[in-house]
Structure formats: structure tokens, C-alpha cells
Amino acid sequence: MTGPSTSATGPADLFSTARDRLLPVFADIAASAVEREQEHRLPHDEVRALAAAGFGALRIPVELGGAGLSIVQLAELLIELAAADANLPQIFRGHIAFVEDQLVAPASASRDRWLQRFVDGELVGNAWSEIGAGAIGVSGTVVSNATTPSGDVDPERLVINGRKFYTTGSIYGDWIDATARAEIDGQPPVDATVLVRADQPGVTILDDWDGFGQQLTGTGTLIFENAEVERVELRAFDDRFRYQTALYQLTLVSVLAGIASAVERDAGQQIRERTRVYSHGLAPLAKDDGQIQAVVGEISSIAFVARQTVLGVAAAVDAAAALALAPSVERDSAADLAANVEAEIRSAQAQVLLSELVPRAATVLFNTLGASAVSRSKDLDRHWRNARVVASHNPVIYKARIVGDWSINGTPPPYIWQIGTAVK
């Protein structure tokens, strides 16, 4: 494998340059976050502002036009963005993974073309999941040879047909990273991933995600109806980079850490501005009330632990990435496998911990304020709703068991799992 080198943290000057460029965009996003939530206004402009500022190319080497950041540094910026608006990092989740897949891929014209697209601000959405009665492990989405007007097989053209859900980010993307069953050229079916251009006939993306949190992520239905597929963009699923599941989970726990930071920020602001107090309170101002201070102390502690936990996960993922990018290290070597187990376990441990702590912080926030805090105009409930929805990805009860099995028995974690109807 060939690709750029990385380090545990990455050069500080590269991080400062990227952060300075992005902070004004983050500030604009934060300023309108509540309004967007209340109006259910999808953040198309905000996504494009981030792309224009290079957010989609943070991991691409400087010599290729990117920011050259490590995964730890990427995680720091994901946390800051999530504190501004928890929807935004999750929108980029599929894009972040596909960028990493291309960084790890062998040198080729296709790889160079994709990296340049990212530098130019093009974005990739996600379309891996399906709902309904489909069997586990059997994709209902199919890539096949197109047919001519007379009904004959067209060997030159491929098309994709199927229906996806949980398509986070696709409604904002230029491209869609989809899983499918490839049935082409008369060959046996193969599990594949395929990149599909979003702005073409035959691609319909709906804003029908009805979750009570993360409402603006565009996590709804996507329909392929004979959408065109370039043969060069069809890849065997098993060729994907090994640490992808840990990286997907790193994005989600970064969102949780950002939510915790936002809860601490909003609690402090609301308390400092509050002049009304209760007769049985402990001080003439809420900000000086020891009981209220103690609750905020718990919130602040959770925010700190969440951030440090996420950066620990990012360091483990960074180590796996470094080996995947090292020409001298073979995939599935002992060192490669050990690094990927570490990344997967650390991401699972973070999910187990933060899925409990961050929703708690978003709940006890209301213990510091009066009934006025539940006003919809403040939208403080979005922190709990968003945290609870993020925590519901990849059921945490199974992650706890996987970590326990590893801790007791040394059992390696599964890197890929699927959902569907069990085959009897």
C-alpha cells in the first residue's frame, strides 16, 4: 500500500492553520443553529461553507492541496463543530470514511482523481443501510448491466437499482457511497461498494428522516432507479480499509463530546444571565448558588472526560491508519491486526461510556434552571435529543458485550455487522 505518512498528533502549525480557517465558519453555524432546528431548515449553505473552507479535505496531505491533519486533529475539529451544531459532523461521516479509504488505496489515477475532487470541495454521502424484510447479509440494491432499448444487455453501461434508508449526508453530497450486490457480465454476485453521482436522473433523495434528534442530518430515504454507474467506481466490499468501523464510531463519539461541550456552554450562559432565584435557594444570584455550581461541575466534568476519551480513541485509530499507510506493513499482519483490534475496542469503550454520560449531562442541565428553561424558544432539549439519537447507532448493548468478551477472553471484535431479517 502507498499513501501519505501520518503521526500520532500531526504538526501543530497545520492544525492551527486549518482551525483558524474553520473557526469563523463554526461561529456562523452556531449562531443560526437554534433557528435552523426550529424551522427544520436543512443546512445546505452551512455544509457548502465547510466544504469551501476545506473541511472535507482535512486528512489529505498538504502537497496534494489538503490540510494534512492527523485523525486526532480531525477529531478535535469534529468536537468543536459538534458543539456548534451536532448535525454537521454526522453529515460528513460518510465522506470522512471514503476519504480515508482513498488515502489507504494503492496509488492510481482513480485515487488521484478522488483526492482532487475532495480538495475541490466535492462531498460524498452515505447509503449503506436498508430497511424492511430483507435477509441479513443480502443487499436489495443491485448493480447490473444496463439494457438497450431493444431489451438486450448493454455490456458497456452499468446501472444501480434499489432503495436505501439512514442515508446520512447524501442529500448534501455530490456523490453517494452505496453498498450493493454486483450482478454484472454474467458473473456470480459479489458484495460491492459503488460511487454514484447524486445529481442525475434515477437518483431520488428524500428528507423523510423522522428521528426526534439529529433532525437535519438528511438521514432518510434514497431511491436508485436505473441510475448510471461508472465501472471504475465499482469496488469489492472486502477491499475497504480495515479500521473503517472504528472511524465511523469515532465520528459519532466526537458528536457526543461536542454535545457535552455545548451543554456546558449553554448552562453557563443561562445561569450567568439569570436574575430570578427561588426563596429556598442558597444565594441571591443563581451563579453563586452552591447547589447549582455542583450540577454544572458534573456537566463540566462529563464534557472534559468525553473530549479526552474521544482523543484517546482517535489516537488508536491514528495508529491503525499509520500502519495501513506504511508500505512495509502488510494488511492482516500481526501488527496490523493488533492495531485494528485496539482501534475497534477503544471506539466501542467510548460508545459504552459516553452513551450514558452525555445524555445525563443534557438532562441535569435542567436541574440548574427554572421552568423557563423548557421553553421551545431556547431549544435546550435538542442536546438530549441529539445525544440520545447518536447513542442509538450500532446498539450499545452489543458493544458492551463485545468489549467484555475481549476483556475476559481476548476475543477479537467484529469489524463489520449487518442488519436484516434472520434466515431460518
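Just so it is clear, the values below take in all heavy atoms, side chains as well, and ignore hydrogens, waters and symmetry mates. Residue numbers run from 1 in the order of the sequence given.
Judged by the 6.0 Å distance and 45° axis criteria, Arg117 is positioned over the aromatic ring of Trp114.
A salt bridge links Arg41 to Glu46: at least one charged side-chain nitrogen sits closer than 4.0 Å to a carboxylate oxygen. Using a 4.0 Å cut-off between a side-chain N of Lys or Arg and a carboxylate O of Asp or Glu, Asp174 and Arg48 qualify as a salt bridge. In this structure, Glu356 does not pair ionically with Arg360, as no charged nitrogen and carboxylate oxygen lie closer than 4.0 Å. Using a cut-off of 4.0 Å between Lys/Arg side-chain N and Asp/Glu carboxylate O, Arg242 and Asp332 are scored as salt-bridged. Using a 4.0 Å cut-off between charged nitrogen and carboxylate oxygen, Glu228 and Arg197 do not count as a salt-bridge pair. A salt bridge links Arg307 to Glu76: one of the charged nitrogens lies within less than 4.0 Å of a carboxylate oxygen. Between Arg235 and Asp177 there is no salt bridge, since no side-chain nitrogen of the basic residue lies less than 4.0 Å from a carboxylate oxygen of the acidic one.
Taking the side chain as every heavy atom from C-beta outward, Asn394 and Tyr248 never approach each other to under 4.5 Å. Residues Glu298 and Ser301 are not in side-chain contact: their nearest non-hydrogen atoms beyond the backbone lie 4.5 Å or more apart. Between Gln102 and Val124 the shortest side-chain heavy-atom distance does not fall below 4.5 Å. Using a 4.5 Å cut-off on side-chain heavy atoms (C-beta onward), Val364 and Thr368 make no contact. Taking the side chain as every heavy atom from C-beta outward, Glu37 and Asn87 approach each other to under 4.5 Å. A heavy-atom distance below 4.5 Å is not found between the side chains of Glu344 and Tyr243.
Every pair tested for salt bridge (charged side-chain N to carboxylate O under 4.0 Å, His left out) that includes a residue from residues 201-218 fails, sequence neighbours excluded, so the list is empty.
Among the candidates Leu42, Leu88, Ile29, Ile171, the single residue satisfying the side chain to side chain contact (heavy atoms under 4.5 Å, CB included) test with Val47 is Leu88.
With hydrogens and angles ignored, the 3.5 Å screen pairs no side-chain donor or acceptor of Asn145 with any backbone N or O of Val153. Arg163 places no side-chain N or O within 3.5 Å of a backbone atom of Gly140 that could act as its donor or acceptor partner.
Other residues, nucleotides and ligands contribute more than 12 heavy atoms inside 6.0 Å of the CZ atom of Phe15. Annotation for Gln116: atom CD counts as buried by contact number, over 12 foreign heavy atoms lying within 6.0 Å. Few gaps surround CZ on Phe212; more than 12 heavy atoms of other groups in view lie less than 6.0 Å from it.
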Donor-acceptor list for residues 256-271 side chains, cut-off 3.5 Å, not counting sequence neighbours:
residue, atom, partner, partner atom, Å
Glu264, OE2, Ser300, OG, 2.8
Arg265, NH1, Ala83, O, 2.7
Asp266, OD2, His383, NE2, 2.7

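The CD atom of Glu342 lies 6.5 Å from the CH2 atom of Trp406; values are rounded to the nearest 0.5 Å.
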